[in-house]
Amino acid sequence: SSTYTALIQHDGDWWIGWVKEITGVNSQGKSREELMENLQSALGEALKMNCEDAEASAMEEYEEVSLTVSDAGGY
């Protein structure tokens with residue numbers, strides 16, 4: 001399990017948010033709780049699609065290795 005950072009804000013009648021580490025993962029909700037549920041769902045779908053895309057691109061025999069990224073660059 002990994003941890004990601006959500007940037008959220010209340011904007012009028014809506015809560016809106018973005019997942020900082022994954023481009024294009026954002027959502028909205030009528031409440032903070034709804035926003036958080038929507039962001040988690042959007043993040044899960046994006047990660048699943050990224051995995052499927054990477055596996056499809058590799059096609060042939062490949063090796064999976066773990067990567068660890070330090071908190072460089074203000075993440």
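Everything numeric here is computed off the predicted structure, so don't read it as measured data.
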**Message:** Show the nearest heavy-atom pair for residues W14 and H10, with the distance to one decimal.
**Reply:** O-CD2, 3.3 Å
**Message:** On a heavy-atom basis, which atom in A46 and which in V25 lie closest, and how many Å separate them?
**Reply:** CB-CG2, 3.5 Å
**Prompt:** Heavy-atom distance under 4.5 Å between the side chains of N38 and Q28, does that happen here?
**Reply:** no
**Message:** I'd like to know if the side chain of S57 and the backbone of D53 have a donor-acceptor N/O pair within less than 3.5 Å.
**Reply:** yes
**Item:** Within one Ile-Leu-Val-Met-Phe-Trp-Tyr cluster: V19 and L7, side-chain cutoff 4.5 Å
**Value:** no
**Asked** Would you say E52 has more than 12 foreign heavy atoms packed within less than 6.0 Å of its CD?
**Response** yes
**Message:** If the test is side chain to side chain contact (heavy atoms under 4.5 Å, CB included), which one of I16, N26, I8 qualifies with L35?
**Reply:** I8
**Message:** Within the supplied structure, the quantity of interest is the number of heavy atoms (other residues, nucleotides, ligands) at a distance under 6.0 Å from K48 NZ; does it exceed 12?
**Reply:** no
**Request:** Find the distance between CD (E63) and CD (E61) and round it off to the nearest 0.5 Å.
**Result:** 10.0 Å
**Prompt:** When rounded to the nearest 0.5 angstrom, what distance separates OG in S27 from CD in E34?
**Reply:** 8.0 Å
**Request:** Report the C-alpha separation of W15 and E33 in whole Å, then their side-chain angles, then the decisive distance to 0.1 Å, and conclude whether the side-chain contact (heavy atoms from CB on, under 4.5 Å) test is met.
**Result:** CA-CA 9 Å; W15 282 84; E33 294 75 21; over 6 Å; no
**Message:** Once rounded to the nearest 0.5 Å, what's the spacing between atom OH of Y4 and atom CD1 of I22?
**Reply:** 5.0 Å
**Message:** Determine whether Q9 and W18 satisfy the following criterion, side-chain contact (heavy atoms from CB on, under 4.5 Å), listing intermediate values before the conclusion.
**Reply:** CA-CA 9 Å; Q9 62 184 192; W18 304 263; 3.6 Å; yes
